[in-house]
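Below, read A as the first sequence line, B as the second, and so on, with proteins coming before strands; counting in each chain starts at 1.
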There are 2 protein chains.
Amino acid sequence: MLMQNNQAFENAEMANDAIHAAQSFSSLFLMSAAEPVAAGKAICWEGDKAKHLFQVEEGVVRLHRIIGEGRRVITAFHFAGDLIGASLQSDFLFTAEAVTDCKIRRISRKSFHEEVARSNALGPAFISLLCEEAAAAHEQMVLLSKKNAEERLCSFIVKLATRRHPQARQGLVRVPMNRQDIADHLGLTIETVSRTISKLASRNIVVPEGRHDLRIVNPARLVQLSGDADDFSGNSCHRVKLH
Amino acid sequence: MLMQNNQAFENAEMANDAIHAAQSFSSLFLMSAAEPVAAGKAICWEGDKAKHLFQVEEGVVRLHRIIGEGRRVITAFHFAGDLIGASLQSDFLFTAEAVTDCKIRRISRKSFHEEVARSNALGPAFISLLCEEAAAAHEQMVLLSKKNAEERLCSFIVKLATRRHPQARQGLVRVPMNRQDIADHLGLTIETVSRTISKLASRNIVVPEGRHDLRIVNPARLVQLSGDADDFSGNSCHRVKLH
DNA sequence: CGTATAGTTGATGTCGTTCAAACCAAGTGG
DNA sequence: CCACTTGGTTTGAACGACATCAACTATACG
């Protein structure tokens with residue numbers, strides 16, 4: 001059973017084996033001071049001139065767009081090490097806000113591109129970064145287009161779980177964002193998110209421990225339910241089958 | 001009335017004023033012969049090694065992913081001049097198929113990147129291209145996340161209408177793809193697409209002329225209904241108001 | 001012309017939303 | 001220490017937009 005569970009997650013983790021391209025740029029940001037940003041505060045605003053790129057040194061950041069009335073879409077969350085604004089040309093296409101208390105560093109777009117041009121290691125890393133973003137965006141489009149609430153939640157939890165954070169405890173996933181953030185990221189309402197988590201808990205797949213942690217009881221099943229597993233995983237999968 | 005209509009579309013067209021970054025790469029593809037691809041035939045497959053980039057010389061191409069059973073997501077359509085596969089690293093993350101009869105040129109990923117590195121005009125163009133793709137992906141995420149069927153259709157039609165094709169006729173938009181393609185791109189069913197178009201027709205906003213053309217009767221209203229218009233456009237907008 | 005394929009329209013069902021109320025944990029102040 | 005907030009979350013009941021299933025119509029094509 002345990003081997004099965006590990007297997008299931010190792011598959012999901014493969015995409016993360018390579019070190020994130022974003023890490024390569026850390027040296028560029030060390031020239032600037034780390035700015036503390038309190039939870040809830042904005043780092044930049046949609047529509048503003050994107051004069052800087054940011055790197056998250058500590059904490060979690062959400063990127064969102066607002067369309068008419070009260071409709072908010074969280075296009076991505078960014079974690080320690082991630083860059084913000086790499087795929088922009090002139091204006092910010094999103095507002096960035098701290099989900100938790102953060103430390104942020106910045107560099108001007110101009111000098112960033114100068115450095116990338118100067119170095120011959122950074123060019124490819126920059127391309128990689130943009131490609132990773134594109135791949136993530138595709139993944140999200142599939143989720144929003146064709147997955148039901150349960151699949152969305154499971155996909156999201158798997159993604160959180162397979163992102164290796166420093167002090168990860170066995171089978172326990174930190175969920176720094178609140179239910180509303182999750183809802184706006186998955187294209188659901190807060191109530192549906194809550195209900196779906198409750199349902200997963202009642203089936204002993206993931207169980208909430210406090211508001212910001214999830215105990216993953218059955219990782220294999222979680223991956224199956226995410227809809228990203230192999231087609232034949234439902235009942236007769238060879239690799240993930242019990243015994 | 002006419003001025004109002006033009007105004008509305010000019011706003012939507014602004015993003016298209018700049019020539020697409022993709023155009024800059026045309027010279028690279030002229031070394032290879034134009035390959036004809038019949039409507040419905042595949043150009044590359046999801047999962048295959050992405051050894052080549054493609055440029056659409058003529059026709060329309062759809063990119064899609066399949067997830068379990070019969071769920072297909074069309075992540076993008078590509079038109080004459082567009083590149084396919086720029087944002088990939090190793091494998092194709094989508095299957096590309098000809099929507100109409102196409103002519104396609106190709107270049108190996110290796111020599112493409114060599115040429116980009118060699119030239120000092122192509123580097124920035126490549127970055128621009130990736131950023132354009134990222135912006136488009138964001139737009140699509142917003143659409144899939146928060147827009148209703150009518151807004152999705154209107155957004156799609158506006159996008160088709162503002163993409164200037166060579167022989168565009170005044171107020172008439174070519175829709176080369178079939179209803180199923182539109183549905184899979186907008187995260188709807190074929191029936192909902194059909195119904196929504198009928199509804200728009202009955203309100204005299206756009207009227208179908210044959211299967212593959214739409215007469216745009218009320219462009220201003222169309223833009224409003226797309227959900228991308230200014231917040232205050234509904235009833236009391238200053239710029240778009242009649243009189 | 002007749003058959004196949006694409007599209008439309010209608011009846012019914014369902015999953016997620018909406019609206020409303022209860023719940024819970026962490027303050028705050030009497 | 002306990003009543004009373006307060007913000008986030010959970011739960012319930014009713015509704016609605018889109019999906020599904022099924023019949024029908026229009027268009028293309030041999």
Side-chain angles (χ1 to χ4, degrees), chain A residues 38-40 62 68-74 97 99-100 143-157 174-203 206-214 225 227, chain B residues 38-40 62 68-74 99-101 143-157 174-203 206-214 225 227:
Chain A
R62 61 173 175 252
E69 319 101 72
R71 296 189 280 185
R72 184 181 71 155
V73 181
I74 294 185
E97 291 171 349
V99 169
T100 64
L143 180 146
L144 294 170
S145 206
K146 284 282 137 70
K147 290 186 177 178
N148 63 25
E150 183 173 282
E151 291 170 325
R152 292 180 196 203
L153 249 303
C154 291
S155 298
F156 181 65
I157 297 168
R174 192 97 247 267
V175 185
M177 57 294 288
N178 63 25
R179 299 292 188 260
Q180 187 64 62
D181 287 340
I182 299 174
D184 288 346
H185 183 53
L186 299 182
L188 300 169
T189 60
I190 183 173
E191 292 95 336
T192 300
V193 169
S194 181
R195 265 186 261 272
T196 306
I197 293 178
S198 297
K199 239 172 278 175
L200 291 172
S202 73
R203 291 201 274 156
V206 293
V207 182
E209 297 193 359
R211 291 179 170 179
H212 290 296
D213 288 288
L214 285 175
L225 292 174
Chain B
R62 61 175 175 248
E69 320 101 69
R71 296 191 279 186
R72 183 181 72 155
V73 180
I74 293 184
V99 169
T100 63
D101 290 342
L143 180 146
L144 293 170
S145 207
K146 284 281 137 68
K147 290 186 179 179
N148 63 25
E150 183 173 282
E151 291 170 325
R152 292 180 195 202
L153 250 300
C154 290
S155 299
F156 181 65
I157 297 169
R174 192 97 247 266
V175 185
M177 57 292 287
N178 63 27
R179 299 294 189 260
Q180 187 64 62
D181 287 340
I182 298 173
D184 288 346
H185 183 53
L186 299 182
L188 301 169
T189 59
I190 182 174
E191 292 96 335
T192 300
V193 169
S194 181
R195 265 186 261 271
T196 306
I197 292 178
S198 297
K199 240 173 277 175
L200 291 172
S202 74
R203 291 201 274 154
V206 293
V207 181
E209 298 194 357
R211 289 178 172 178
H212 291 296
D213 288 287
L214 286 175
L225 293 174

| query | For the pair made of CD in A:Glu209 and C1' in C:dC24, what is the distance, rounded to whole Å? | reply | 17 Å

| message | Nearest whole Å is fine: how far is C:dG7 P from B:Leu153 CG? | response | 13 Å

| To the nearest angstrom, how far is B:His212 atom NE2 from C:dT5 atom C1'? | 12 Å

| note | Here the distance between atom C1' of C:dT8 and atom CG of B:Leu200, to the nearest Å, is 15 Å

| remark: Under a 4.0 Å heavy-atom cutoff, the residues of residues 188-195 of chain A touching DNA chain D are A:Glu191, A:Ser194, A:Arg195

| said: Measure CD1/B:Ile197 against P/C:dA6 and give the value in whole Å, please. | reply: 16 Å

| request: Supply the atom-to-atom distance A:Leu200 CG to A:Leu214 CG, rounded to the nearest 0.5 angstrom. | output: 9.0 Å

| said: Please report the interatomic distance CG(B:Leu225) to OG1(B:Thr196), rounded to the nearest 0.5 Å. | reply: 11.5 Å

| message | Generate the contact string for nucleotides 24-30 of chain D. Rules: B means base contact, S means sugar-phosphate contact only, - means no protein heavy atom under 4.0 Å. | response | --BS---

| remark: One should read off an interatomic distance between B:Ser145 OG and A:Leu188 CG, to the nearest 0.5 angstrom, of 8.0 Å

| Taking A:Ser194 for the side chain and A:Ile190 for the main chain, is one N or O donor matched with an acceptor at less than 3.5 Å? | no

| Point-to-point distance, once rounded to the nearest 0.5 Å, from CZ of A:Arg179 to CZ of A:Arg211 | 8.5 Å

| Rounded distance in Å - CZ (B:Arg71) to P (D:dT20) | 10 Å

| field | Protein-nucleotide distance (B:Arg179, atom CZ; C:dT8, atom C1'), rounded to Å | value | 10 Å

| Just how far is it from atom CG of B:Asp184 to atom OG1 of B:Thr189, taken to the nearest 0.5 Å? | 10.0 Å

| query | So which of B:Lys199, B:Arg203, B:Arg195 actually passes salt bridge (Lys or Arg N to Asp or Glu O under 4.0 Å) with B:Glu150? | reply | B:Arg203

| To the nearest 0.5 Å, what is the distance between CZ (B:Arg62) and NE2 (B:His185)? | 12.5 Å

| request: Starting at atom CG of B:Asp181, determine the distance to atom P of C:dT5, rounded to an integer number of angstrom. | output: 17 Å

| Is there a donor-acceptor pair under 3.5 Å between the side chain of B:Lys146 and the backbone N or O of A:Gly187? | no

